[in-house]
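Values in this document were obtained by computation on a predicted structure and should not be read as measured data. Side chains are part of it too, since the values below use all heavy atoms of this structure and drop only hydrogens, waters and symmetry mates. Sequence lines set the chain letters: A, B, ... in the order given, protein chains first and strands last, and positions in each chain run from 1.
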2 protein chains.
Amino acid sequence: MVKGLFMLISEFAQQTGLSTDTVRFYVRKGLLSPETGNKGGYNPYQIFSPALVETARVIKLAQSLGFTLKEIAAFGEEYRAGALTATRGADILRGQLGKLEEKAALLAGMIGYVRAKIAWLEGGGQGAEPTFGVFACGVTAGVVDDAGKVRRA
Amino acid sequence: MVKGLFMLISEFAQQTGLSTDTVRFYVRKGLLSPETGNKGGYNPYQIFSPALVETARVIKLAQSLGFTLKEIAAFGEEYRAGALTATRGADILRGQLGKLEEKAALLAGMIGYVRAKIAWLEGGGQGAEPTFGVFACGVTAGVVDDAGKVRRA
DNA sequence: TATAACCGTGGAGTGTGGTCCATGGTCAAG
DNA sequence: CTTGACCATGGACCACACTCCACGGTTATA
């Protein structure tokens, strides 16, 4: 068997690091469209090209960027329809970039909060306990007193 | 009714932007622990303090950062446990800080990748196509500075 | 030709994060 | 004391992204 040129599902799975179940799942969802070979009789075997290995990598990447499988499948459709131009691709990515940046900002706020809290704890609890609101989304500042109640600053 | 001091579930839901169903779900999962008031007979009404509104905000935030409800609940547990001694609390938070910074580094890598890819697409595909690996393959540890860039620790 | 290794199909099950709903108890206004 | 708004419980149901399994057909190897 010539490795890597026209694979059956198990080799494809192994090359992509997916399980055969996941590959079949992706095929059902339209994310991967293998050829149907001449082997297998009533239920012909699926033949995977090296291009599909690349596709699988793109799917994984997109997933790690927070796209759902449904969205990824839609991108694939567009791509095959020839509608996925560079401009369009840049637009899609800009949308996702916005989401990622939003997340990063929130995360930065949370990190600031946790840092402040650590400093506060190590300083023996001097002064007002840091409140999350101070760091995130401009929520009205307040402090939590020893009884766990919020006092307005 | 005095707004915001000791709320029943529907007001709490409204103030947090959650549905009452979701609030009950969170209570079942241990993310929110309201008091049980004296009203309601066999099935006493849950009483929500303003501090829990704050908690709900933290939950939402943590969730948007990709923490699961289980992790968030564990965070809350640790938080309550660590609140006893400052040293212990600081230790716990440092652990959380590590996780957050890891996430931040990952996120920064993705943002860098997406930015580069957009630039590449808009430049008409000149030069080498950006690879995710270039951005994400050194994300072991780092911190995000004010500009959202990753600095190596 | 026997037998193991592989294939596809269909359906059930998992965990996460909810949402909906029927039932029945409780509370407050009129 | 009725009526409507509210409450809690329990269970069904949903989407997502898998994962497992039984069944039966196919292929390659010995």
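In terms of heavy atoms, B:Ala56 sits closest to B:Leu18 at CB-CD1, 4.4 Å. Across B:Ala73 and B:Lys29, no two heavy atoms sit closer than the pair CB-O, 4.0 Å. A pairwise comparison of heavy atoms in A:Ser19 and A:Ala13 identifies C-CB, 4.0 Å as the closest pair.
For D:dC7, neither phosphate oxygen OP1 nor OP2 lies less than 4.0 angstrom from any side-chain nitrogen or oxygen of B:Gln46. The side chain of B:Gln63 contributes an N or O atom lying less than 4.0 Å from OP1 or OP2 of C:dG18. In terms of phosphate contacts, A:Arg24 brings a side-chain nitrogen or oxygen within less than 4.0 Å of OP1 or OP2 of C:dG8. For D:dC7, one of the phosphate oxygens OP1 or OP2 lies less than 4.0 angstrom from a side-chain nitrogen or oxygen of B:Ser10. Here A:Lys29 does not reach the OP1 or OP2 of D:dA17: none of its side-chain N or O atoms lies under 4.0 Å away. Here B:Thr22 does not reach the OP1 or OP2 of C:dG18: none of its side-chain N or O atoms lies under 4.0 Å away. Within the structure, a side-chain polar atom (N or O) of A:Lys70 is placed less than 4.0 Å from OP1 or OP2 of D:dC16.
Nucleotide C:dC6 holds its P atom 21 Å from the CZ atom of A:Phe6, rounded to whole Å. For the pair A:Phe12 CZ and C:dC6 P, the computed distance is 18 Å after rounding to whole Å. Taking atom CG of B:Leu69 as the reference point, atom C1' of D:dC16 lies 15 Å away to the nearest angstrom. In this structure, A:Ile72 places its CD1 atom 14 Å from C1' of D:dC18, rounding to the nearest Å. In this structure, B:Phe25 atom CZ and C:dC20 atom C1' are separated by 14 Å, rounded to whole Å. The OH-P distance, from A:Tyr45 to D:dA28, rounds to 8 Å in whole Å. Atom CZ in A:Phe67 sits about 13 Å away from atom P in D:dA17, given to the nearest Å. Rounded to whole Å, the distance from CG on A:Leu8 to P on D:dT27 is 10 Å.
In the set D:dT19, C:dT26, C:dA28, C:dA28 carries the atom at the smallest distance from any side-chain atom of B:Lys39. Set against C:dT9, D:dA8, C:dG18, the side chain of B:Asn43 has D:dA8 as its closest nucleotide. Listed nucleotides D:dT19, C:dC20, C:dG17 differ in distance to A:Ser19; the shortest reach to its side chain belongs to D:dT19. Looking at the side chain of B:Thr68, the nearest of the listed nucleotides D:dT27, C:dC27, C:dG17 is C:dG17.
One distance of note links OH of B:Tyr113 with CG of A:Leu61; it measures 4.5 Å at 0.5 Å rounding.
Across all strands, A:Tyr42 comes closer than 4.0 Å only to sugar-phosphate atoms, never to a base (heavy-atom distances).
Side-chain N/O atoms of B:Tyr26 and base N/O atoms of C:dG17 include no donor-acceptor pair closer than 3.5 Å.
Side-chain atoms of B:Phe48 and B:Val53, non-hydrogen and from C-beta on, never get closer than 4.5 Å to each other. Between A:Thr20 and A:Arg24 the shortest side-chain heavy-atom distance falls below 4.5 Å.
Toward the 5' end of DNA chain D, the nearer of the two residues A:Asn38 and B:Asp21, judged by each one's closest nucleotide, is B:Asp21. Two residues, B:Arg28 and B:Thr20, neighbour DNA chain D, and the one matched to the more 5' nucleotide by heavy-atom proximity is B:Thr20.
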